[in-house]
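Structure, as structure tokens:
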There are 2 protein chains.
Amino acid sequence: MTTEYSGGSDPKRIMELLWGAPERTRRGPKPRLSVEQIVAAATAIADAEGLAAVSMRRVAERLGVTAMSLYTYVPGKAELLDLMLDRVCAETAKPDDVPGGWRPRLELVAREAWALYLRHPWLLHLATNRPVLGPNLIARYDYELRAVDGTGLTDVEMDLVVQMVGDYVHGAVRGALAAATLPVDSGKTDDEWWAELSPLLEKVYDADRFPVATRVGAAAGQEYSAPLDPARAFEFGLARLLDGVAALIERR
Amino acid sequence: MTTEYSGGSDPKRIMELLWGAPERTRRGPKPRLSVEQIVAAATAIADAEGLAAVSMRRVAERLGVTAMSLYTYVPGKAELLDLMLDRVCAETAKPDDVPGGWRPRLELVAREAWALYLRHPWLLHLATNRPVLGPNLIARYDYELRAVDGTGLTDVEMDLVVQMVGDYVHGAVRGALAAATLPVDSGKTDDEWWAELSPLLEKVYDADRFPVATRVGAAAGQEYSAPLDPARAFEFGLARLLDGVAALIERR
DNA sequence: CGCCTATTCTGTACGGCGTAGAGAGTTAGG
DNA sequence: CCTAACTCTCTACGCCGTACAGAATAGGCG
């Protein structure tokens, strides 16, 4: 019996893809590719040229195959993106023996996520509206939760804390990458860009209306454009976040 | 769906658009539209059908005009998205007289952002790679900073705290909306969805491998699918976050 | 007034996208 | 061997953003 899935795609199929389909004997010609090759090719393109460059035609071209032949391996592009997401999540280290309690463990979780985002910036632009229940994502979720297991937090609180850390990293990376790529893809340096923009800005608003934004924006801009400082900002914010978690845990 | 990019071309032009161009006498035929009408139409479509439904052709159609005629008002779609972003940011209330110090002020900032995201969920999918220096965005940034001004934090720390709150809200909304829209656009209830998926999951992984994820995931799923609880989770996480900020401020 | 010219808007077209559908080629099970 | 299952190619549809050419409009200047 087959069910008809109008809007979304077949959950069974994507599950098989994520977890590795059981090898059946196949009647037709030998497949020239594998799902893994396709996902790897798509990931390589995304790493090199960004998510926008990942199209079925581009991926197929890289594999010496027509676009449509990919559809014998993967139901569609959305599922390919799901597979890319789960695949890269296998890269994060998950050591079991981090000493020092929940805080160093959560710090490691955050830093691994930070590093993963920097390796694959296109992760920022993946909209994960629906859960992707792949093996690596679940394993990572489990690992992250274990960082705060046994601290007296309720299950829901544990989920929330882990979610918070993930969200924070996401946002911090976005800020860092925006600052880093701003001068790069406009072909101008940071100073040139601002030099061009600031007279326009000044013509149109008086700094007196937004005194705090003007002052702080300048300071923050300088901080972020310094060589190593997005990472320091990340660490700083992380410390604040974990202080909040600590306050919660100590109250238990 | 993947993220939409915004920002890009001639800085002078987009600045004029954002801040309202100086009215010059124009020689040709009277314009049938205004930038404001176009941005409003695009926003209405995004509110009703999501960001993916916003195309130049769709917006033009809604205004009784061809797609190309929009390009006399707006340099391109990226700039239209910039304008939409700045436009909706005017909606957030910014009262000056919040009593109780920085914490209630920051809470208000977060709740206003939360409400804005819920009114315009497509904001989640807007990635602003470069800053959009519109009047409403700057005004909001200034307002948010004033919430923590005079607390002894450095300028850079102020920026960081405000950024953190914004990032947290972004992530929390994403989680809440994912939970809410999951059953909706698949045409199934939450229970049906899980009932269909869980046998597939069970066939493929044993709960013993991910004991914590299994337990916590179930608890969190139940919590989020309850009617009002994404909002409670949001408030809870916000409290933790602000506890961290408080620890920093008190140390000053 | 009438011309010139800047501006608005339309029509058409290009190259991209995701993917549906038909059909050619290939291989295993009966 | 035949047939059915399977892979892969080709063509095509309907979207997308937008470049370009040209028609219509109307203010500035003679």
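Letters A, B, ... mirror the listed sequences (proteins, then strands); counts begin at 1.
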> Nearest-Å distance, CZ (B:R26) to C1' (C:dC9)?
Replying inline: 14 Å
> Can you check the A:R27 CZ to C:dT26 C1' distance for me, whole Å?
Replying inline: 13 Å
> Reckon A:R32 has a side-chain N or O less than 4.0 Å from the OP1 or OP2 of D:dT9?
Replying inline: yes
> Between A:L70 (CG) and C:dA20 (C1'), how many Å, whole number?
Replying inline: 15 Å
> To the side chain of B:P29, which of D:dT18, C:dG18, C:dT7 is closest?
Replying inline: C:dT7
> Can you check the A:M68 CE to C:dT19 P distance for me, whole Å?
Replying inline: 9 Å
>> Taking 4.0 Å as the cut-off, does a side-chain nitrogen or oxygen of B:S69 come that near to OP1 or OP2 on C:dT8?
In response: no
> Any idea how A:H170 and B:H170 line up, ring-wise: parallel (<30°), tilted (30 to 60°), or perpendicular (>60°)?
Replying inline: parallel
> In whole angstroms, how far is the P atom of C:dG18 from the CZ atom of A:R58?
Replying inline: 12 Å
> Looking at D:dG17, does its base get a donor-acceptor pair with the side chain of B:R57 below 3.5 Å?
Replying inline: yes
> What is the distance from OH of A:Y71 to P of D:dC10, rounded to the nearest Å?
Replying inline: 17 Å
> If you round to the nearest 0.5 Å, how far is CG of B:D142 from CZ of A:R209?
Replying inline: 9.5 Å
>> Measuring to OP1 and OP2 of C:dC9, would you say a side-chain N or O of B:T72 lies under 4.0 angstrom away?
In response: yes
> For D:dC8, does either OP1 or OP2 sit under 4.0 Å from a side-chain N or O belonging to A:K30?
Replying inline: no
>> Rounded to whole Å, how long is the line connecting atom CE of B:M56 with atom P of C:dG11?
In response: 17 Å
> Do the side-chain N and O atoms of A:D47 and A:H120 include a donor-acceptor pair separated by under 3.5 angstrom?
Replying inline: yes
> Would you say B:Y73 reaches C:dT8's phosphate, i.e. side-chain N/O to OP1/OP2 under 4.0 Å?
Replying inline: no
> How many Å lie between NZ on A:K77 and P on C:dA20, as a whole number?
Replying inline: 15 Å
>> Please tell me if A:T66 has a side-chain N or O lying less than 4.0 Å from either OP1 or OP2 of D:dT9.
In response: yes
